[in-house]
*Asks:* 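Take this structure, written in structure tokens, and hold onto it; I'll ask about it next.
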Amino acid sequence: MSLFWRIFALNAVVLGTATALLLWAPVTVSVPVLLTEAVILVGGLVVMLVANAALLRLGLAPLDRLTKLMTTVDLLRPGQRLPASGGGEVAEVIRTFNAMLERLEHERATSSARALLAQEAERRRIAQELHDEVGQSMTAILLGLKRAADDAPAALREELHEAQEITRESLDEVRRLVRRLRPGVLDDLGLVSALTSLTEDFATHTGLRVSRRFDADLPALAPETELVLYRVAQESLTNVARHADAQRVTVALRHADDSVVLTVTDDGSGIKAPREGAGIRGMRERALLIGGSLEITPAAGTGTRVQLTASVPRKQP
Ligand SMILES: Nc1ncnc2c1ncn2[C@@H]1O[C@H](COP(=O)(O)OP(=O)(O)OP(=O)(O)O)[C@@H](O)[C@H]1O
Ligand SMILES: [Mg+2]
């Protein structure tokens with residue numbers, strides 16, 4: 001039923017009932033009005049208004065639901081839809097809104113995929129240049145310093161050794177940077193090795209205890225999926241170091257029927273306010289990129305658990 005007829009029918013029911021009561025119920029209104037009659041009339045009016053309000057609320061409920069969804073909908077949590085049954089403008093508006101969400105979710109997914117791929121390509125390029133240019137020059141400096149130190153008089157040797165040490169540390173820093181920008185091990189040795197080296201680096205740098213639980217029979221994953229799993233683990237660990245105030249972290253990679261599940265669990269203070277910054281939204285975007293889902297929940301006891309479920313296409317028999 002259209003909104004117009006719905007509201008009209010609601011009012012017709014209320015007014016019709018009132019008129020029928022006036023016509024057939026044994027009531028008379030004197031002039032001037034008597035107190036009992038006035039009480040009955042005012043009572044009747046109140047009943048009519050309440051009934052009208054209740055019926056209107058019922059009739060407009062779908063619009064209320066629509067407004068609520070419009071204000072809260074989040075394109076990073078796709079699939080929120082309203083039921084739209086029957087005909088009439090309201091159902092039509094809801095159906096149009098659902099279709100618009102569908103389109104926006106699709107556009108959001110493709111544009112963020114494009115942005116993320118461009119970002120990865122740029123990181124790759126910077127990593128390559130750091131490795132090939134800066135890394136090579138520093139290695140050359142290191143060798144030059146070593147040769148100079150070998151030939152130098154004892155007074156100078158000490159200083160040259162110091163310079164050598166500083167250069168070596170900087171070179172390590174550049175290598176670490178390159179690894180962070182482009183997890184080369186991911187291409188060469190696969191996800192498990194990349195995550196192992198990520199967690200080892202993390203443990204040495206933060207002093208936190210890190211446990212790894214990787215299933216042995218992990219299926220082969222697409223390169224994008226591996227990169228997304230890696231980046232989500234990376235951001236989750238960074239968040240643990242920055243916000244959690246934790247003692248230990250567990251990074252697990254498990255294999256279910258047709259999905260791979262990454263969980264990063266800490267025993268820290270837990271997420272208090274549901275404020276999602278660029279980090280968490282970035283993880284959600286990456287999850288969408290591979291059709292996966294990301295959940296951030298309190299861990300058993302204290303702390304936080306970040307869980308990414310990525311589906312794995314079934315092997316063709
Ligand atoms: N493991 C965690 N334990 C406790 N609080 C957390 C944890 N992870 C995230 N948070 C909270 O959630 C907020 C949002 O995290 P998010 O990664 O989106 O942003 P951020 O880390 O503050 O900034 P960035 O954009 O640089 O990542 C954090 O500011 C922090 O308060
Ligand atoms: Mg963060």
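Computed from heavy atoms alone, side chains included, the values below leave out hydrogens, waters and symmetry copies. Start at 1 and go down the list; that is how both ligands and their atoms are numbered.
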*Asks:* Listed by chain and number, what are the ring-ring contact (aromatic ring centres under 6.0 Å, His included) partners of F214, not counting sequence neighbours?
*Replies:*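 Not a single residue meets the ring-ring contact (aromatic ring centres under 6.0 Å, His included) criterion with F214.
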*Asks:* Applying ring pair (Phe, Tyr, Trp, His ring centres under 6.0 Å) as the test, list every pair that has at least one member in residues 8-63; sequence neighbours left out.
*Replies:*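 For residues 8-63: W5-F8.
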*Asks:* Tell me whether D267 contacts the main-chain N or O of R248 through its side chain, where contact means a donor paired with an acceptor under 3.5 Å.
*Replies:*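 Confirmed, D267 side chain pairs with R248 backbone.
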*Asks:* Counting no waters, how many protein N/O/S atoms sit under 2.8 Å from the Mg ion (ligand 2)?
*Replies:*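 With waters ignored, the protein N/O/S count below 2.8 Å is 2.
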*Asks:* To check your reading of the model: name the closest protein heavy atom to atom 15 (O) of ligand 1, its residue, and the distance in Å.
*Replies:*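 Checking every protein heavy atom, the shortest distance to atom 15 (O) of ligand 1 gives I280 CD1, 3.6 Å.
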*Asks:* Just to confirm my output: which protein heavy-atom neighbour is closest to atom 25 (O) of ligand 1, and how far is it?
*Replies:*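 Nearest protein contact, heavy atoms only, for atom 25 (O) of ligand 1 is G279 N, 3.1 Å.
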*Asks:* To the nearest 0.1 Å, how far is atom 30 (C) of ligand 1 from its closest protein heavy atom, and which atom is that?
*Replies:*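 For this ligand atom, the closest protein heavy atom is H243 CG, 3.5 Å.
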*Asks:* In ligand 1, which numbered atoms sit nearer than 4.0 Å to a non-hydrogen atom of A278?
*Replies:*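 Those qualifying, in numeric order: 18 (O), 25 (O).
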*Asks:* Under 4.5 Å between any side-chain heavy atoms of N239 and I280, yes or no?
*Replies:*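 A side-chain contact under 4.5 Å exists here.
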*Asks:* G270 near ligand 1, heavy-atom distance under 4.0 Å?
*Replies:*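 The answer is yes: ligand 1 sits under 4.0 Å from a heavy atom of G270.
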*Asks:* Connecting only ILVMFWY residues whose side-chain heavy atoms lie within less than 4.5 Å of each other, what is the rest of L160's hydrophobic cluster?
*Replies:*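 So far as hydrophobic clustering goes, L160 is joined with I141, L145, L156.
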*Asks:* Answer yes or no for R281: is there a heavy-atom contact with ligand 1 below 4.0 Å?
*Replies:*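 Flag not set, R281 not near ligand 1.
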*Asks:* Can you check whether R176 reaches H205 side chain to side chain, under 4.5 Å on heavy atoms?
*Replies:*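 Yes, side chains in contact.
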*Asks:* Which is it for T238 and ligand 1 at heavy atoms under 4.0 Å: side chain, backbone, both or neither?
*Replies:*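 Contact part for T238 vs ligand 1: neither.
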*Asks:* Please write down residue, atom name and distance for the protein heavy atom closest to atom 5 (N) of ligand 1.
*Replies:*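 Nearest neighbour among protein heavy atoms for atom 5 (N) of ligand 1, to 0.1 Å: I271 CG1, 3.5 Å.
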*Asks:* With a 4.0 Å heavy-atom cut-off (strictly under), which part of R275 contacts ligand 1: side chain, backbone, both or neither?
*Replies:*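 The answer is both, backbone and side chain.
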*Asks:* Verify side-chain hydrogen bond (donor to acceptor under 3.5 Å, both in side chains) between Q128 and R125, making sure each step is shown before the conclusion.
*Replies:* CA-CA 5 Å; Q128 193 92 44; R125 197 184 61 75; over 6 Å; no
*Asks:* What protein heavy atom lies closest to atom 19 (O) of ligand 1? Include the residue and the distance to one decimal.
*Replies:*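 Going atom by atom, the protein heavy atom closest to atom 19 (O) of ligand 1 ends up being G277 CA, 3.7 Å.
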*Asks:* Hey, mind stepping through D258 and S311 against side-chain contact (heavy atoms from CB on, under 4.5 Å) and telling me if it holds?
*Replies:* CA-CA 6 Å; D258 45 6; S311 56; 6.0 Å; no
*Asks:* Check whether any side-chain heavy atom of L262 sits under 4.5 Å from a side-chain heavy atom of V251, and report yes or no.
*Replies:*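 Yes, at least one pair of side-chain atoms sits under 4.5 Å.
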*Asks:* Just by modelled atom types, is the G79 backbone N or O under 3.5 Å from a matching donor or acceptor in the E105 side chain?
*Replies:*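 Yes, E105 side chain to G79 backbone: donor-acceptor pair under 3.5 Å.
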*Asks:* Just to confirm my output: which protein heavy-atom neighbour is closest to atom 8 (N) of ligand 1, and how far is it?
*Replies:*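 Answer for atom 8 (N) of ligand 1: N239 CB, 3.4 Å.
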*Asks:* Measure from atom 2 (C) of ligand 1 to every heavy atom in T304, L237, I296 and give the option owning the shortest one.
*Replies:*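 Comparing heavy atoms across T304, L237, I296, the nearest one to atom 2 (C) of ligand 1 lies in T304.
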*Asks:* If the threshold is 4.0 Å, N to carboxylate O, is there a salt bridge linking D201 and R180?
*Replies:*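 No.
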*Asks:* Return the closest protein heavy atom for atom 26 (O) of ligand 1 as residue, atom name and distance.
*Replies:*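 I find the closest protein heavy atom is R242 NH1, 3.0 Å.
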*Asks:* Distance-only, no hydrogens or angles: does the N98 side chain make a donor-acceptor pair with backbone N or O of L82 under 3.5 Å?
*Replies:*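 Looks like yes, one N/O pair under 3.5 Å.
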*Asks:* Looking only at protein heavy atoms, identify the closest one to atom 27 (O) of ligand 1 and say how far it is in Å.
*Replies:*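 Scanning the protein heavy atoms, the shortest distance from atom 27 (O) of ligand 1 goes to E235 OE2, 3.0 Å.
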*Asks:* Between V46 and V39, is there shared hydrophobic-cluster membership here, with clusters defined by ILVMFWY side-chain heavy atoms closer than 4.5 Å?
*Replies:*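 The answer is no; the residues belong to distinct hydrophobic clusters.
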